[in-house]
Amino acid sequence: MSSFRRDFITKPIFAWARGVLPSMSDTEREALEAGDVWWDADLFTGNPDWSKLLKQPPAKLTAEEEAFLHGPVDELCKMLDDWKINWEWRDLPPEVWDFIKRNKFFGMIIPKEHGGLGFSPYAHSEVVRKLSSRSLVAAVTVMVPNSLGPGELLMRFGTREQQERWLPRLADGRDIPCFGLTSPEAGSDAASMIDSGVICKGSFEGEEVLGLRLNWHKRYITLGPVATLLGLAFKAYDPDHLVGSETDLGITVALIPTELAGVSIGHRHLPAMQVFQNGPNWGKDVFIPLDYIIGGKERVGQGWKMLMTALAAGRGISLPSLSAAGAAYAARTTGAYARIREQFGISISKFEGIEEPLARIAGTAYLLDAARRLTCAALNDGHHPAVISGIMKLQATERMRIAIDDAMDIHGGKAVIDGPQNYIGNLYRSVPVGITVEGANILTRNLIVFGQGAIRAHPYLLKEMNALGEPDRARGLDAFDDAFWKHVGHSVVTLFRALGRSWTGGLFAPAPDAGQATGFYRQLSRYSSAFALCADMALLTLGGALKRKEMLSARFGDILSELYLLSAALKRWEDEGRQAADFAALEWCMASGFRTIENRFAEILASLPNRFVAAILKFVVQPFGARVLGPSDRVVHECAQLVLEPSVVRDRLTPDLAHVDDDGGLARLEKAFLLVAGSEEISKRMRAAHLHDWEEAVKRGVITQAEGEQIKSAREAVAKVIDVDDFAPEALSPIYKKPNVHQFFQELGEQRAAS
């Protein structure tokens, strides 16, 4: 029976599919093969196994990692003055560079056997998170060597000799690394790079050896201006066939000591007024031996796959950690500022117009840290989930952007006027950097999350594609027959599963016993089955053309992203012991995510080119239309309240940020917040007596002298927070330091007035 099915039913389908399947470039295939799948594969089945998620051990720090976080990391935070770093020094001061190297911040991920700290991905994430809440320049400086760069690539692909030579030097800071990938001709499309390395014989350290003559131009390279060891991506060529029969060998990565002849390095970019070391570099006829290729001669041409594999992990740590820190920082500072700032005689936190963005900030902080922790838990277990890493980079940086915009709006002029007391303006300026690097968000949303996820995480699609691409036609047909009919069976089951769950509102969808949160699991099970069905139908009706339907792909990617992020929020709720006081944050996350999911389904069903299939899908998955409107007014109010009072809830929502005991803007804010909250009952008695002057209130016996002094201290503290910096003209512009400049401007003004 199976042979009849294969020969008379599957064979024509196989022949048709081979004819319409678009060709896959080597870079596309290598990107797909990089990393692995994890919880994203469960979501793609349409029937996620919640027990698998809940059994995942939460990410935890070891005692050694905890000691580092509250030892050297805290000490480093105390050394950082963000205003001076950005506006006076334009760099980290020498003592900070020395401290970073001496305490092996550059070697967090390097194993102890090679002189590094051997920390887990979660420890790496926690360090970046805390540093980000104090200085983005310091955070970026530390995170880059521990993310995509020579260290990660050497650990994964380097020869033992390379590891023993370079890793100890990277770990203790003798060498500062950078990685050169982006070039003027190739940004998101890295495969278009024209940087080249030609295999030839040349002289190196007094001997004639077989090597590569390199020519390149890279830009946007973080740590590039100060790097002593450059990891370089280039296209390798062998025109004289010195290592094989092929001429074009493909993208390759190598180590370039920057003191080599022909290397030009040291100029700096200024990315969005952030002064972390970043700049261009060039190489002109730079000769290196073949053993400078990471992994040796055997790894020639494997550079793109190596990079994608490394990025599958690194993209899930660094920028999501920075983004989670940014959202938590915004929640803590904006909640405090809204609490102490008064307009029209009352705290602005009482206005519903403030509560809405404040709830959005608080909910985002809860969601991003939940997703960060879950992703780190997977990385700690040895997974390298490429699709999830893409989701995390995209969604974390985008949501941080919204949270920081909301924080700026609530702070108003306090956040607009720059100076040492402005604790949020620099974070606002830095947002575009995170949006752009490690895969631009537009590209990631429109092409990668669903485009890569549909192939990697789908239970059968990659098997079918591999079967269709099999050179041995008979073997390919057998493999396709097995995968295709399993896919058909899976789709039929998914159809009826989605139909039942959608028409009953998810009432009987599978869910663990999770108390108040049980219903949320049911809805995610419902949406997962609808997603799996719609994705299958889109792939069936559009085939390879789906990857050109970028807006459609982006909407599918948004749904997959929401399914993952909301799963993470539920996991956090469970791991933290189902804290009833935090439930408003969870409710906000769920209602916001469900609204996005339902709206994206409606948009997909309105945009599918095959209108007959779209009509069937609408009947199955969204018979009553998009019905979730987002968080209710009650949920918004309760979520906003989480950051408006000193409490364990507020601390749990914004954990372990850098708190430095000085007279900076953040320290002033925390002090005023505690004083205002502590004197609330006194203020209520004064308002009830229609009194504002605390001395008058003391005279009338409404409050005691001690309570009056408490009100005075709170008001003085608030005044210091609300105050903004100003500068003498000559402090801002060298023009004013010139002789007679004031007279010049006075005469200019008089001339304009006269005209």
Side-chain angles (χ1 to χ4, degrees), residues 82 85-86 121 124-149 178-179 181-182 187-188 219-224 269-279 310-331 333 360-361 364-365 367-369 371-372 375-376 388-408 415 423-446 448-449 557 561 565 657-658:
D82 203 45
I85 288 168
N86 284 283
H124 172 196
S125 174
E126 286 286 282
V127 171
V128 170
R129 183 181 179 280
K130 177 169 273 193
L131 288 176
S132 298
S133 66
R134 181 63 177 170
S135 166
L136 289 168
V137 174
V140 171
T141 300
V142 166
M143 79 186 192
V144 166
N146 291 286
S147 185
L148 177 63
C178 70
F179 193 84
L181 176 60
T182 306
S188 296
R219 66 181 179 189
Y220 311 146
I221 309 307
T222 300
L223 294 188
H269 299 309
L270 189 59
M273 298 305 290
Q274 304 304 300
V275 299
F276 58 86
Q277 291 283 342
N278 183 279
L311 199 61
R315 193 159 51 177
I317 299 175
S318 294
L319 287 171
S321 302
L322 188 152
S323 300
Y329 184 87
T333 56
R360 190 159 51 235
I361 297 170
T364 299
L367 184 71
L368 290 189
D369 215 48
R372 177 186 72 91
T375 305
C376 285
I388 287 174
S389 289
I391 288 172
M392 285 300 298
K393 189 274 169 181
L394 163 67
Q395 295 294 333
T397 54
E398 286 292 344
R399 289 166 196 250
M400 175 185 65
R401 167 156 58 183
I402 295 169
I404 301 306
D405 280 350
D406 283 335
M408 292 290 292
Y423 46 79
I424 205 165
N426 195 54
L427 180 58
Y428 174 77
R429 278 188 296 275
S430 74
V431 167
V433 178
I435 298 293
T436 303
V437 301
E438 288 190 12
N441 282 6
I442 291 176
L443 173 75
T444 304
R445 178 174 180 259
N446 286 273
I448 293 178
V449 171
S561 296
L565 295 174
L657 301 177

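Keep in mind it's a predicted model, so treat the numbers as computed, not measured. Computation of the quantities below employed the complete heavy-atom set of this structure, encompassing side-chain atoms and omitting hydrogens, waters and symmetry-equivalent molecules.
Counting all heavy atoms, side chain and backbone alike, A365 lies closest to A331 at CB-CB, 4.1 Å. What you find for A330 and A403 is that their closest heavy atoms are CB-O, 4.3 Å. Considering every non-hydrogen atom in both K393 and L319, the closest pair reads CE-CD1, 3.8 Å. Contact between G316 and T375 at its shortest, heavy atoms only, is O-CG2, 3.9 Å. Heavy atoms only, all atoms of each residue included: L565 and A371 are closest at CD2-CB, 3.6 Å. The nearest pair of heavy atoms linking R129 to A328 is NH2-CB, 3.7 Å.
For the atom pair OG (S561) and CZ (R445), the distance works out to 9.0 Å, reported to the nearest 0.5 Å. A distance of 12.0 Å separates CE of M392 from CZ of R315, quoted to the nearest 0.5 Å. Note that CG of L131 is 12.0 Å distant from CG of L657, once rounded to the nearest 0.5 Å. Atom CD of Q274 and atom CD1 of I85 lie 11.0 Å apart (nearest 0.5 Å). Note: L427 CG to M400 CE = 6.5 Å, rounded to the nearest 0.5 Å. The line from CZ of R219 to OG1 of T182 is 9.0 Å long, rounded to the nearest 0.5 Å.
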Test L223 against T141 for side chain to side chain contact (heavy atoms under 4.5 Å, CB included), laying out the working first.
CA-CA 7 Å; L223 294 188; T141 300; 4.1 Å; yes

Tell me, with the steps shown, if T222 and F276 meet side chain to side chain contact (heavy atoms under 4.5 Å, CB included).
CA-CA 7 Å; T222 300; F276 58 86; 3.8 Å; yes

With side chain to side chain contact (heavy atoms under 4.5 Å, CB included) as the test, would you mind laying out the steps for M143 and S321 before giving the verdict?
CA-CA 10 Å; M143 79 186 192; S321 302; over 6 Å; no

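T397 places a side-chain N or O within 3.5 Å of a backbone atom of L394 that can act as its donor or acceptor partner. Using modelled atom types, one side-chain atom of S132 and one backbone atom of V128 make a donor-acceptor pair closer than 3.5 Å. A side-chain donor-acceptor contact under 3.5 Å links T333 to the backbone of Y329.
E398 is linked by a salt bridge (Lys or Arg N to Asp or Glu O under 4.0 Å) to R401, counting only residues two or more places apart in sequence or in another chain.
Surrounding OH of Y428 are at most 12 heavy atoms belonging to other residues, nucleotides or ligands under 6.0 Å away.
Neither side chain, R399 nor S323, offers a donor N or O lying under 3.5 Å from an acceptor on the other.
Note on ring orientation: taking the six-membered ring where Trp is involved, the planes of Y220 and H269 are tilted (angle from 30° to 60°).
Within the structure, no pair that satisfies the salt bridge (Lys or Arg N to Asp or Glu O under 4.0 Å) test touches residues 316-327, not counting sequence neighbours.
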